[in-house]
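Everything on this sheet refers to the single structure shown next.
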Amino acid sequence: MSDIAFFRPDTDGRVLPLAYARSLWAPGTLNGPAVCALAAHAAEQRIAEPGFRAARFTIDLFKAAREIPTTTRARVLRAGGRIRVAEVDVVQFPDDSAAEAEAEVIVARATAVFLRESQNPPGQRWQRDAGARTFSPPTTAVDDWAPRFASDAAGVGEWDQNMGNHQNGLRKRVWTRAAPAVVGTELTPFVRAAISAESTSLICNWGTTGIGFINCDLTVALSRLPRGDRIGVEADSHTEHDGISASTAGLYDADGMWGVGMVTAVNNAAAEIDFTSVDVRGRYREA
């Protein structure tokens, strides 16, 4: 098992962030995938049961997470015959706080829904034509940790690691590989889905000058679990008004589409990330 992960174990059930969890938005903060990883891992540990499969994961990212000791608290909200629901708090412990009321801070809250597997009901329903989809994984196999990006820009080669090549106002997609939440823990398909789907915000809110919207949440809806190590995220819809955006993305693996990601985001132009001047390739290394 690779030692690449977002966190490493600490004492008292807490974890400590690793370099892989660092955000580009501000020094000393954690990226969205890292927070999603912890919450999804905790939810799955709490409510997973044979015969049930993850169908939805929603997380509200309402406070910037910092590079400090972190833990999760999960509770079961429903354990029925066809639906199981858990709620998870991501909790941090500021090391510079003297006030007892600030000894711990909840930075995110998630819910996970697991549904019982069975058979599809009778009848036929509309589904998007597989031939109309625009997502095709790279034809060349990749076995490193770096994501590959592509866009609809004419003259730009498909699927490369240079984000600056795809900083435009056109549709974008990423072929990404998630890391485990904590060193030594298994990366399950459900946790992989939650981590990778957080790229919905990046792919949909990334424009000609960089990414100036920061997402406040993430919802992942799954009709099946993803297969393989890599997940594709492709922009599907985006609308923005008065500093607020709403976006959806299609979620894929090598076998096709298996889910949908959705985010809302708020203007964060004061800290906009310009990928023509920031090279993120150095953060990825061989497993």
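The chain is numbered in sequence order, starting from 1.
- For the side chain to side chain contact (heavy atoms under 4.5 Å, CB included) with P69, the lone residue among L16, V15, D12 that qualifies is L16.
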**OP:** Tell me, with the steps shown, if R230 and D144 meet salt bridge (Lys or Arg N to Asp or Glu O under 4.0 Å).
**Re:** CA-CA 10 Å; R230 288 199 174 249; D144 57 19; 3.1 Å; yes
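- In this structure, the side chain of R171 engages the main chain of A235 through a donor-acceptor pair within 3.5 Å.
- Apart from V113 itself, the hydrophobic cluster it occupies contains L77, I83, V85, L115, where clustering links Ile, Leu, Val, Met, Phe, Trp and Tyr at side-chain heavy-atom distances under 4.5 Å.
- A194 and V220 make their closest contact through CA-CG2, 4.4 Å (heavy atoms, listed as atom of the first residue, atom of the second, distance).
- Using a 4.5 Å heavy-atom cutoff, the side chains of T70 and V91 are not in contact.
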**OP:** Would you sort out whether T264 and N215 count as a side-chain contact (heavy atoms from CB on, under 4.5 Å), showing the intermediate values?
**Re:** CA-CA 6 Å; T264 60; N215 59 309; over 6 Å; no
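- Side-chain contact between E234 and Y252: present, with at least one pair of heavy atoms (C-beta onward) separated by less than 4.5 Å.
- Ion pair D253/R227 not flagged as a salt bridge, since none of the NZ, NE, NH1 or NH2 atoms sits closer than 4.0 Å to an Asp/Glu carboxylate oxygen.
- Contact record, A146 with Q161: CB-OE1, 3.4 Å, taken as the closest heavy-atom pair.
- Side-chain contact annotation: T111 with T58, donor-acceptor N/O pair under 3.5 Å absent.
- Between Y20 and F7, the distance from one ring center to the other does not fall under 6.0 angstrom.
- With contacts defined as side-chain heavy-atom distances shorter than 4.5 Å, the pair R109/R73 does not qualify.
- In this structure, a donor-acceptor pair under 3.5 Å is absent between the side chains of E67 and T29.
- Counting only distance, with no hydrogens or angles, the side chain of T200 and the backbone of A197 share a donor-acceptor pair below 3.5 Å.
- Each of L222 and V88 belongs to its own hydrophobic cluster when Ile, Leu, Val, Met, Phe, Trp and Tyr are linked at side-chain heavy-atom distances under 4.5 angstrom.
- With values rounded to the nearest 0.5 angstrom, C204 atom SG is found 8.0 Å from D236 atom CG.
- Side-chain atoms of E198 and N31 form no donor-acceptor pair, as typed in the model, at a separation below 3.5 Å.
- Hydrophobic clustering (ILVMFWY, side-chain heavy atoms < 4.5 Å, transitive): V266 and V107 are in one cluster.
- Taking CD1 of I4 as the start and CG of L187 as the end, the distance is 11.5 Å to the nearest 0.5 Å.
- Within the 4.5 Å cutoff, the side chain of L61 has no heavy atoms near those of the C216 side chain.
- In this structure, F149 and K172 have side chains that are not in contact, with every pair of non-hydrogen atoms separated by 4.5 Å or more.
- Side chain to side chain, N205 and E240 fail the donor-acceptor criterion of an N or O pair below 3.5 Å.
- Between S151 and H166, the closest heavy-atom pair is OG-ND1, 3.0 Å.
- Between the CD1 atom in I59 and the CZ atom in F57 there is a gap of 4.5 Å [rounded to 0.5 Å].
- Taking the centre and axis of the six-membered ring of W145, the NZ or CZ atom of R177 falls inside the cone set by 45° and 6.0 Å.
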**OP:** Mind running side-chain hydrogen bond (donor to acceptor under 3.5 Å, both in side chains) on N168 and T208 for me, showing each step along the way?
**Re:** CA-CA 4 Å; N168 51 57; T208 56; over 6 Å; no
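- Salt bridge R75/D89: present, at least one basic N to carboxylate O contact under 4.0 Å.
- Residues L202 and F213 fall into different hydrophobic clusters, defined by Ile, Leu, Val, Met, Phe, Trp and Tyr side chains chained together at heavy-atom separations under 4.5 Å.
- Taking hydrophobic clusters as Ile, Leu, Val, Met, Phe, Trp and Tyr residues chained together by side-chain heavy-atom distances below 4.5 Å, L24 shares a cluster with I195.
- For N267 (side chain) and A269 (main-chain N/O), a donor-acceptor pair under 3.5 Å exists by modelled atom type.
- In this structure, S247 OG and M262 CE are separated by 10.0 Å, a value rounded to the nearest 0.5 Å.
- P180 has its side chain out of reach of F6: every pair of non-hydrogen atoms, C-beta onward, lies at least 4.5 Å apart.
- In this structure, F135 and W175 have tilted ring planes: the angle between them lies in the 30° to 60° band.
- Rounding to the nearest 0.5 Å places CD of Q92 at 10.5 Å from OG1 of T71.
- The distance from atom CD1 of I203 to atom OG1 of T248, rounded to the nearest 0.5 Å, is 13.0 Å.
- Here the side chains of W258 and L225 are not in contact, with every heavy-atom distance at 4.5 Å or above.
- Summarising the geometry of R66 relative to P94, their closest heavy-atom pair is NH1-CB, 3.9 Å, with the distance given to 0.1 Å.
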Subject >> V105/K63 under side-chain contact (heavy atoms from CB on, under 4.5 Å): CA gap, chis, key distance, verdict >> reply: CA-CA 9 Å; V105 176; K63 186 175 178 59; 3.4 Å; yes
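- Among all heavy-atom pairs drawn from F190 and A112, the shortest one is CZ-CB, 4.3 Å.
- Taking the ring axis of F93 as reference, the NZ or CZ atom of R14 stays within 45° of it and closer than 6.0 Å to the ring centre.
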Got a list of side-chain donor-acceptor pairs under 3.5 Å for residues 34-47, not counting sequence neighbours?
residue: E44; atom: OE1; partner: T188; partner atom: OG1; Å: 2.5
residue: E44; atom: OE2; partner: T188; partner atom: OG1; Å: 3.4

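- Annotation: side chain of E158 is not in contact with side chain of R148 (no heavy-atom distance under 4.5 Å).
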Original post:
Can R192 and I231 be said to form a side-chain contact (heavy atoms from CB on, under 4.5 Å), step by step?
Top reply: CA-CA 8 Å; R192 179 182 292 110; I231 287 174; 3.5 Å; yes
Original post:
Where do W25 and I211 land on the side-chain contact (heavy atoms from CB on, under 4.5 Å) test, with the steps shown first?
Top reply: CA-CA 10 Å; W25 285 112; I211 181 166; 4.3 Å; yes
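- When all heavy atoms of A5 and L18 are compared, the pair lying nearest together is O-CD1, 3.7 Å.
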